[in-house]
Amino acid sequence: MPEINTPLWVDLRSDTVTKPTDAMRQAMFNADVGDDVWGEDPTVRQLEHTLAGMAGMEAGLFMPSGTQSNLVALLTHCGRGDEYIVGQQAHTYKYEGGGAAALGGIQPQPLPMTDFGGLNLDEVEASIKPDDCHFARSRLLCLENTVHGKVLPLEYLLQARTLVDETELKLHLDGARVFNAAIALQCQLQDITRHFDTVSICLSKGLGAPVGSVLLGPAAFIEQAKRWRKVCGGGMRQSGSLAAAGLHALEHHVQRLADDHRRARQLAQRLVSAGYSLEMPQTNILFVRVDGLNREHLAQWLEQHRIKADCLGRDSIRLVTHLDIDDAGLERAAQAFETFMSEGQGT
Ligand SMILES: *Cc1c(COP(=O)(O)O)cnc(C)c1O
């Protein structure tokens with residue numbers, strides 16, 4: 001079997017698999033650096049400042065991963081014995097190792113997610129605990145956008161903001177792919193982020209940087225978050241080389257997310273025409289239903305055709321378009337699925 005990363009493969013497992021472009025590597029090579037734990041890395045500062053500006057936030061904090069950025073946000077918003085309200089399928093709750101509980105003594109209050117990926121705000125309100133020694137203190141509502149490739153409507157964000165303003169809750173956004181949401185809505189990043197107290201944004205997904213996320217929020221919050229980042233082991237030294245990749249991505253890889261969305265739609269249309277069952281993607285992620293198909297054969301077929309897909313789910317395969325999937329790669333993927341239906345099925 002060829003190496004997993006040879007260009008022979010079309011890798012649709014995730015937008016995390018992107019590799020830095022030559023231009024990005026050049027920007028990393030040229031970056032001016034300093035010790036960021038001492039606040040002396042000019043490129044990290046520039047990245048934090050630039051992204052904070054784009055999001056209309058006071059300050060930013062560069063971290064190695066989105067998991068750490070969300071964790072630091074939770075640790076800064078909530079203390080031991082506090083709770084945060086979160087979606088049952090949300091990344092922070094389900095895919096981050098229970099970090100808030102394990103490391104922060106923060107109790108999650110998970111709620112079912114609606115079809116569009118939000119939480120029912122009446123249920124959120126009903127789950128807020130009274131100020132009584134029987135209960136954890138409800139501190140924070142955490143939303144995700146995009147969530148499984150879906151975009152939360154701006155109207156919903158406003159409703160969520162209105163709810164938290166009537167309560168003691170703060171509002172955090174796991175915005176790992178929030179640029180995909182802004183591109184899909186054809187709005188500014190700020191039109192989304194303005195509803196939130198704090199936002200975490202990944203540079204290492206569709207934006208194509210090798211490493212890094214930025215937590216954004218009020219200056220005083222980010223000051224406290226800096227302490228928690230150090231506690232979590234996220235204080236990095238000459239990290240300007242990494243921040244340079246993020247800056248390059250913000251300049252060159254945001255508008256092109258529209259290409260990923262277009263390719264995801266094209267792929268979805270081809271698959272629907274070929275007889276697959278799926279919802280039209282809103283951004284760069286599509287889920288192909290496989291409950292009526294021979295999943296193992298399909299997985300083998302894709303592998304034989306050098307297509308990598310996330311076949312882990314029982315009912316669906318996840319396909320993600322990204323920077324390293326061009327029209328030729330998309331064509332190969334579409335054909336592999338089409339031929340599976342027309343000739344491969346069950347063989
Ligand atoms: C990828 C992702 C994160 C953070 O993941 P890391 O791999 O730790 O950078 C957080 N939330 C969502 C929704 C994600 O997709």
Side-chain angles (χ1 to χ4, degrees), residues 11-20 47 51 55 60-75 77 84 86-100 102-103 108 110 113 116-119 140-152 157 171-184 189 192-193 196 198-216 225 228-229 232-234 236 239 242-243 245-246 249 253 257 260-261 264 281-287 310 312-313 318-323:
D11 194 343
L12 293 159
R13 286 173 302 172
S14 175
D15 47 10
T16 57
V17 302
T18 53
K19 298 193 183 165
L47 171 66
L51 195 48
L61 192 61
F62 183 51
M63 281 183 251
S65 72
T67 298
Q68 186 173 90
S69 178
N70 281 323
L71 174 62
V72 164
L74 290 166
L75 289 168
H77 277 296
Y84 78 111
V86 62
Q88 192 96 52
Q89 310 298 330
H91 202 279
T92 46
Y93 172 62
K94 191 172 173 186
Y95 300 97
E96 295 179 8
L103 305 174
M113 286 159 88
F116 66 86
L119 306 179
L140 182 71
L141 172 60
C142 180
L143 299 176
E144 187 174 314
N145 195 15
T146 64
V147 43
H148 307 148
K150 292 182 187 176
V151 180
L152 296 183
L157 301 184
L171 189 57
H172 174 70
L173 178 65
D174 175 0
R177 296 189 181 85
V178 68
F179 276 110
N180 293 86
I183 291 292
L189 183 64
I192 297 173
T193 51
F196 294 87
T198 55
V199 178
S200 169
I201 300 180
C202 285
L203 302 163
S204 60
K205 301 272 166 87
L207 293 183
V211 171
S213 287
V214 178
L215 178 63
L216 303 164
W228 282 117
R229 180 183 68 170
C232 292
M236 298 183 286
S239 40
L242 300 172
H253 294 171
L257 291 172
D260 298 341
H261 298 182
Q282 296 176 16
T283 59
N284 66 328
I285 303 179
L286 49 143
F287 293 91
D310 182 347
L312 295 177
R318 189 181 79 153
L319 302 173
V320 186
T321 55
H322 53 74
L323 189 60

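Note that this is a predicted model, so its numbers are computed, not measured. Just so you know, ligand 1 is whichever comes first in the structure, and atom 1 is the first atom listed for that ligand.
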So which heavy atom in the protein is nearest [atom], and how far is it from that ligand atom?
atom: atom 11 (N) of ligand 1; result: D174 OD2, 2.6 Å
atom: atom 6 (P) of ligand 1; result: G66 N, 3.6 Å
atom: atom 13 (C) of ligand 1; result: E144 OE2, 3.2 Å
atom: atom 14 (C) of ligand 1; result: K205 NZ, 2.8 Å

To which of N70, L71, T67 does the heavy atom nearest atom 8 (O) of ligand 1 belong?
->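 Nearest option to atom 8 (O) of ligand 1, by heavy atoms: T67.
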Side-chain heavy-atom pair E96, D174 within 4.5 angstrom cut-off: yes
Quiz item: Tell me, do F179 and H253 make a side-chain contact under 4.5 Å, heavy atoms counted?
Solution: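 Not touching, per the 4.5 Å side-chain cut-off.
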task = Heavy-atom distances under 4.0 Å are what count here, so tell me which part of A176 touches ligand 1: side chain, backbone, both or neither.
result =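 Side chain only; the backbone of A176 stays clear of ligand 1.
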Contact region, Q68 to ligand 1, non-hydrogen atoms below 4.0 Å, reads neither
Subject >> Under 3.5 Å donor-acceptor, S239 side chain and L242 backbone >> reply: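 Such a contact is absent between S239 side chain and L242 backbone.
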- Quick one: does E144's side chain have a donor or acceptor within less than 3.5 Å of a partner on H91's backbone?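 Yes, E144 side chain to H91 backbone: donor-acceptor pair under 3.5 Å.
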| said: Can you tell me if R177 contacts ligand 1 (heavy atom of the residue under 4.0 Å from the ligand)? | reply: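 Per 4.0 Å heavy-atom rule, R177 contacts ligand 1.
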Quick check: closest heavy atoms across [X] and [Y], and the distance to 0.1 Å?
X: F116; Y: K150; result: O-CB, 4.0 Å
X: L207; Y: C202; result: CD1-O, 3.8 Å
X: Q68; Y: G233; result: NE2-C, 4.2 Å

One finds that the ligand 1 atoms under 4.0 Å from a non-hydrogen atom of S65 are 8 (O), 9 (O)
Per-atom filter on ligand 1: closer than 4.0 angstrom to a heavy atom of E96 are 10 (C), 11 (N)
